[in-house]
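Please read the structure below before turning to the comments.
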Amino acid sequence: MMTEQAYKEMVERMRPRLMQMGREFFGSDTEAEEVVQETCIRAWNVRNKATLTDAYLMRIARNCCVSMWRGQRVEVELADDSHAAITEVTPQEEVEERENSEWLRGRLKRLPKAEREVWQLFYDEGLTVEEIAETRGISVASVRNTISSVRNTLRTALRRRFFDMRHLIAFVLLALVSGIAVAAIIHPNGMVRGAIEHVLGIPKDTTVYRVVEVMPSYPGDMEAFYKFLAQQMHYPKEALENGIEGRVVVSFVVEEDGRLTHFEAVSSPSPLLSNEAIRVLRQMPRWNPAKRMGRNVRCQYNIPVMFRLK
């Protein structure tokens, strides 16, 4: 819980940055001052519900700017209706449009919260990828991957929704005649379901996710993982002689079947340490794969490996 004195000190320290954001949005000191005031009010109201950090305060300010900007937009009407092409919408089209909108909202609600919020900032609020990254406190690459992931998910869902069901029924009947179990159709990883998707032309989800409902995990537990590291890791001789130590962060992809691929050192104090970390991590057994909407998916995972000189 933030005290009143700590709150005042934070606001005073962050005021120049808040003013700068307001100026960038509106080009006016008057409106920038309104942004600062509104941000302070909102921050004060949530100080007991969330941890107020500099990044969180800037996020509040960004939302204030967007809200003020949307409130200032003026609806533009055609000056001369005679030049406007008017297309009558039938009652049936109105019903279909309403159903499609409701369906789309439902699909968005089923997405993980982090993905849904990034999507809404991008398409509803109109923020750029860079602005979203700054507001959410994540990397630009992560924002782009999230938007691409949501787009692919919705595209696949749309194809499933509007595909001619007669082809699906015919294939299911053929499968039943062949003696294939109906349960396999229902199971997310069932062979029949995979065959149906192949025949129907539904693309396989090859997206590499970063955040999913069930993240990938080392078989067993993290204690077993660190035991594995201790047994396999050898401190590089050259690094030992030169007093090199520090943390290596290794990124890799856990495939749908648990295989580990695409190893890369994200940060490292020395190639000597990163090469050793990757060498050892490549020897890991298959992981438990990530799951998204009940299905195994590819997922990127980062692991820190510490090298300390005794």
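For R282, there are no side-chain hydrogen bond (donor to acceptor under 3.5 Å, both in side chains) partners, not counting sequence neighbours. Qualifying side-chain hydrogen bond (donor to acceptor under 3.5 Å, both in side chains) partners for E245, counting only residues two or more places apart in sequence or in other chains: none. Applying the side-chain hydrogen bond (donor to acceptor under 3.5 Å, both in side chains) test to N302 and every residue at least two apart in sequence or in another chain returns S251. In terms of the ring pair (Phe, Tyr, Trp, His ring centres under 6.0 Å) criterion, F228 has no residue partners (sequence neighbours excluded).
Among all heavy-atom pairs drawn from C299 and V208, the shortest one is C-CG1, 4.2 Å. Residue L273 comes nearest to A239 through the heavy atom pair CD2-CB, 3.8 Å, listed as atom of the first residue, atom of the second, then distance.
Salt bridge K8/E12: absent, no basic N to carboxylate O contact under 4.0 Å. For the pair K113 and E213, the salt-bridge criterion is not met [side-chain N within less than 4.0 Å of a carboxylate O]. Between E223 and K227 there is no salt bridge, since none of the side-chain N atoms of the basic residue sits less than 4.0 Å from a carboxylate O of the acidic one.
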Which pairs of donor and acceptor atoms, one on a side chain in residues 262-271, lie under 3.5 Å apart (sequence neighbours left out)?
unit_1	atom_1	unit_2	atom_2	d
S268	OG	S270	N	3.2
S268	OG	S270	O	2.7
S270	OG	L272	N	3.1

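Within the 3.5 Å criterion, the main-chain N or O of R259 finds a donor-acceptor partner in the side chain of D257. A side-chain donor-acceptor contact under 3.5 Å links E276 to the backbone of H234. Although no hydrogens or angles enter the test, the distance criterion places a donor-acceptor pair under 3.5 Å between the side chain of Y7 and the main chain of C40. Counting only distance, with no hydrogens or angles, the side chain of T153 and the backbone of S149 share a donor-acceptor pair below 3.5 Å.
Around the CD atom of E238, the shell of radius 6.0 Å holds no more than 12 heavy atoms that belong to other residues, nucleotides or ligands. Other residues, nucleotides and ligands contribute over 12 non-hydrogen atoms within 6.0 Å of the CD atom of E241. A 6.0 Å sphere centred on CZ of R247 holds no more than 12 heavy atoms belonging to other residues, nucleotides or ligands.
In this structure, M21 is a member of the same hydrophobic cluster as M10, with clusters built from ILVMFWY side-chain heavy atoms closer than 4.5 Å. In terms of hydrophobic clustering, with Ile, Leu, Val, Met, Phe, Trp and Tyr side chains grouped at heavy-atom distances under 4.5 Å, V211 and V249 are assigned to different clusters. Follow the hydrophobic side-chain contacts under 4.5 Å out from L260 and you reach Y301 in the same cluster. Residues L281 and Y226 share a single hydrophobic cluster, defined by chaining ILVMFWY side chains whose heavy atoms lie under 4.5 Å apart. In the hydrophobic clustering of this structure, V280 groups with V254; members are Ile, Leu, Val, Met, Phe, Trp, Tyr whose side-chain heavy atoms approach within less than 4.5 Å, directly or through other members.
For the side-chain hydrogen bond (donor to acceptor under 3.5 Å, both in side chains) with N296, the lone residue among E256, K291, E255 that qualifies is K291.
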Worked check of side-chain contact (heavy atoms from CB on, under 4.5 Å) between V214 and R292 = CA-CA 7 Å; V214 180; R292 185 173 186 275; over 6 Å; no

request  = Test side-chain contact (heavy atoms from CB on, under 4.5 Å) on V11 and W44 and set out the steps.
outcome  = CA-CA 10 Å; V11 170; W44 176 260; over 6 Å; no

request  = Start with the C-alpha gap between I303 and F252, add the side-chain angles, then the distance that decides, and say whether side-chain contact (heavy atoms from CB on, under 4.5 Å) holds.
outcome  = CA-CA 8 Å; I303 280 189; F252 55 89; 3.9 Å; yes

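Applying the under-4.5 Å side-chain rule to Ile, Leu, Val, Met, Phe, Trp and Tyr, the cluster around I41 consists of that residue alone.
Taking the six-membered ring for Trp and thresholds of 30 and 60 degrees, W287 and F225 have ring planes more than 60 degrees apart, a perpendicular arrangement.
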